[in-house]
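Following: one structure in structure tokens, then a few remarks.
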Amino acid sequence: MRLIKLAFVRLGVLPFLLLIAVVIFALLSDNFLTGRNLLNVVRQSTYLTLVAIGQMFALLTGGFDLSVGTILAITSVVGATAMATAFVAMPDSIPFVILIGILAGLCAGTLIGVINGIGVAVFNVSPFMMSLGMASVGFGVALYMTGGIPVYGMPIEFGDIFGFGSIYGVPTPVAVTLVVIVIMFFVVNWTRLGRYFYAVGGNLKAARLSGINTKLTLFLAYVFCGFMASVAGILLTARLDTGEANIGATMPLESIAACVIAGVSLRGGVGRFENVVLGALFIGLVQNGMNLARIESYLQIVVIGLLLILAVVADQFRLKVIASMQDY
Amino acid sequence: MELRAICKQFSGTLVLDSVDFSLKPGEVHVLFGENGSGKTTLISIVAGAYRPDGGNFLFRNEPVEIFSVNHARALGISTVFQEFSLVPQLSIEENLFLGAEETFGGILKKSVIRKRAQEVLERLGFSLNPSQQVAFLSRAEQQMVEIAKAFRADLSVLILDEPTASLTDQETEQLFTLIEQVKAQGVGIIYITHRMSEIQRIGDRITVLRDGHKITTVDADVSEEDLVQLMTGRVFDQIFPDIAFQPANRMLEVRDLKTADNTVRGVSINVANGEVVGLAGLIGSGKSDVARACFGCSPISDGSIYFNGELTNGLSPRKMLERGFFYMPSDRRDEGLVMMRSARESMALAALNTPEFSRGVFLRRQEEIQRLRYIAERLNLQPANIERVVEHFSGGNQQKILIGKSLTRKVKLFVFDEPTVGVDVATRIAIYQFIGHLCEDGAAVLLISSDLPEILHLTNRVYVLCRGVLTAELQSDNINQENVLRHCFERDAA
């Protein structure tokens, strides 16, 4: 019992939720605990994992980013349009065409992050209003560019490589996500910038008096967030083989949920990177399990919302337990 | 009121071990002890915030059990906690009757509330306008509102937790007059303080707590030395160390400094290596603002600042840190520490960009841990676990962590802004010794403090500020209470 308590305090509620979910879904469906299905879960979760990592930076600094869904959409639309246009102009140099498309998409998505960052860091707009405003702006631009119609005409190789391809048996999206996870793990835990995100979110004034460029740190948090979301946008576009303005609508909620379930504090300054990756996987796992158990998709949305609230309640309880443990 | 053999434990740790405590009507009973000795827990039990695990609570000779703060209030037990329980956005009157509003069928009787608020304030002799918003009040005025809140109902026990921590001497006098008044009405007062002078001034009896045990209850005429000995269990010859001053070349020279918000108007000071210079003045005299302006965290409108012979006007805190200027803010929660992170991260924060702590953008975590273990040991951090979250340390140890920040990088000038506010005597002594060592090692130290004994005993030169203007510079022999105080107050038609 004492061991469980210690594990709860140390690791938070997430490991327990994961365990419970695996047991329940394994009982509900024979197909759940197969290697094939679990690989499927990992592949489906990559997009959310990337966005959740980005969201974590915003949350660590005490803000959040509601425009991550829009960033996915605008990346997809701009990337696909650029790629299709370049393909018409240069049908022979496919690698170059794909590169142009990816760069255009990443730039467009990251640009939204840059604007968010300027608004929050320089003009002191609250992250809520800034990212909500940009979500509307970005979504509007994406719809305006496409007229609401999916963008076709990308080279087929793009989808084959980045959507359905694999490197040494690992699906490309998973491989890309793994690389990003490793890099970001180092950024968060082993660089000054990573430490500064925590410090700025934990106590802005103390960080400033400690000689930290707090505006730059805040700005970079949103740029990172935008970049992560647009990487997810590119991968998702490759998977869908079209540029869509309507993707990513559930991303703001799901990415915040993944972080909060992982123990990232909404007040900033607290949260572990590894747990966020697990948090995103957990949400993917629950969605997959519910699909296998034939739970209706509308009800699934209800479950995700309830899990989010449950995680927050559990975290409050955890803080109480910590407070009662004198020497922790 | 009487408490018998009160016990309280938090997850296995006994915080209060069979403590007896009694309070007679019309007396001031001082609770005295180091941080973490159980004072706050004891008054929280009396105030109904915690429930005891053992022991009896007698109120007017009858056993009672107090369920909640509201229940305690109903019995006439009111507490003024250290941390204010006021809502800044509401007016004074709304705060006074928060949770006890008079209503008529759910509708607020605003005129009745205003009238009663006025009555309470008048009875206490506070000149405050009940309709004013609390956010615009000074800390002392907020304290008055907090006290008035305790008086809104009939009162028999008043608990004051370090009420003078944020008050100026003048306001403290006002508070003491008030306490006398209340005593005369037969109210028993439990008073927590770290200041010796106050104990002798207003206390009737003193109960000393140490590590959750009651050491003794004595009458208030005991000597200071005896009290310190009772509290810490050790004998102290002296609280203040003897510092060998050897003023050398000038580290900081400020000429005609004016800040943009006009809190400082034409101040010139200088600080040299090997000396401790005091900056005294009342709250609001601009003494912190001088240092903050030099450190680059508040803008200046005129004047020049030379640090180590270099003009440093308008440089950012980061640039000043790089040049060896360290400013330790007075409010550790607000500006000093990252409360929810570990002690290690808070201490290393200001030094992460030095080669000792990082190579390029990458952190050198092993070196960081080693270095901070050493610092924690040097400061005698308790518990000596640098991975512990700052929030969970006691106040005195949080202050040590704040001081530890200055040891992580090379510093030529240390500016300590109120380094011992809300700190127990043992930590206080440690901090004074620390300052002494810094000075003897040849560093320049600027000590900003509202605590007069601190200024008198630790410094070899003192600047006194009053309303943003320098009123005096006192040299070693002239530093005495009278001289400093005289210059703290504005002279008529000066």
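Letters A, B, ... are given to chains in the order of the sequence lines, protein chains preceding strands, and every chain is numbered from 1.
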Query raised in the report: Which distance, rounded to the nearest 0.5 Å, do you find between the CG of B/Leu352 and the OG1 of A/Thr191?
Result: 10.0 Å
Query raised in the report: So, do A/Leu209 and B/Phe295 sit near enough that their side-chain heavy atoms are less than 4.5 Å apart?
Result: yes
Query raised in the report: Hey, what do you get for CG (B/Leu363) to CG (A/Asn189), rounding to the nearest 0.5 Å?
Result: 9.0 Å
Report task. Could you tell me which portion of B/Ser316 (side chain, backbone, both or neither) has an atom closer than 4.5 angstrom to a non-hydrogen atom of chain A? Result -> neither
Query raised in the report: So how far is it from A/Arg208 CZ to B/Arg318 CZ, rounded to the nearest 0.5 Å?
Result: 14.0 Å
Report summary line: Among B/Ala351, B/Ala348, B/Gly336, B/Cys297, the residue with the most heavy-atom pairs under 4.5 Å to chain A is B/Gly336
Quick one: side chains of residues 106-127 of chain A, donor-acceptor pairs under 3.5 Å with protein atoms, not counting sequence neighbours, listed by atom name and distance.
from	atom 1	to	atom 2	distance (Å)
A/Thr110	OG1	A/Leu106	O	2.6
A/Asn116	ND2	A/Ser67	OG	2.9
A/Ser126	OG	A/Met129	N	3.3

**Report entry** CD on B/Glu345 to OH on A/Tyr198, rounded to 0.5 Å
**Finding:** 8.0 Å
**Report entry** B/Gln366, CD: over 12 other non-hydrogen atoms inside 6.0 angstrom
**Finding:** no
Report task. Go through the atoms of B/Tyr327 and report whether side chain, backbone, both or neither lie under 4.5 Å from a heavy atom of chain A. Result -> side chain
Query - Closest contact, heavy atoms only, B/Met340 versus A/Val270 - result: CG-CG2, 3.3 Å
Query raised in the report: Going by heavy atoms in the side chains, are B/Glu368 and A/Arg195 under 4.5 Å from each other?
Result: yes
Report task. Starting from the C-alpha separation in whole Å, work towards a yes-or-no answer on side chain to side chain contact (heavy atoms under 4.5 Å, CB included) for B/Arg341 and A/Asn203. Result -> CA-CA 10 Å; B/Arg341 306 299 302 174; A/Asn203 189 340; over 6 Å; no
Requested in this report: Look at atom CZ of A/Phe16 and say whether more than 12 heavy atoms of other residues, nucleotides or ligands are closer to it than 6.0 Å.
Outcome: yes
Query raised in the report: Heavy atoms, side chains only, cut-off 4.5 Å: are A/Tyr196 and B/Asn353 in contact?
Result: yes
**Report entry** Check: B/Asp334 and A/Lys205 side chains under 4.5 Å, non-hydrogen atoms
**Finding:** yes
Requested in this report: Could you tell me whether B/Arg373 atom CZ has more than 12 heavy atoms of other residues or ligands within 6.0 Å of it?
Outcome: no
Query raised in the report: Is there a side-chain contact between A/Ser210 and B/Lys405 (heavy atoms, below 4.5 Å)?
Result: yes
Query raised in the report: Got a sec: does the CZ of A/Arg272 have more than 12 other heavy atoms crowding it under 6.0 Å?
Result: no
Query raised in the report: Is atom CZ of A/Phe227 surrounded by more than 12 heavy atoms (other residues, nucleotides or ligands) closer than 6.0 Å?
Result: no
Query - Distance in Å, B/Leu349 CG paired with A/Arg192 CZ, rounded so as to fall on 0.5 Å steps - result: 11.5 Å
**Report entry** A/Glu274 atom CD, neighbour heavy-atom count above 12 within 6.0 Å
**Finding:** yes
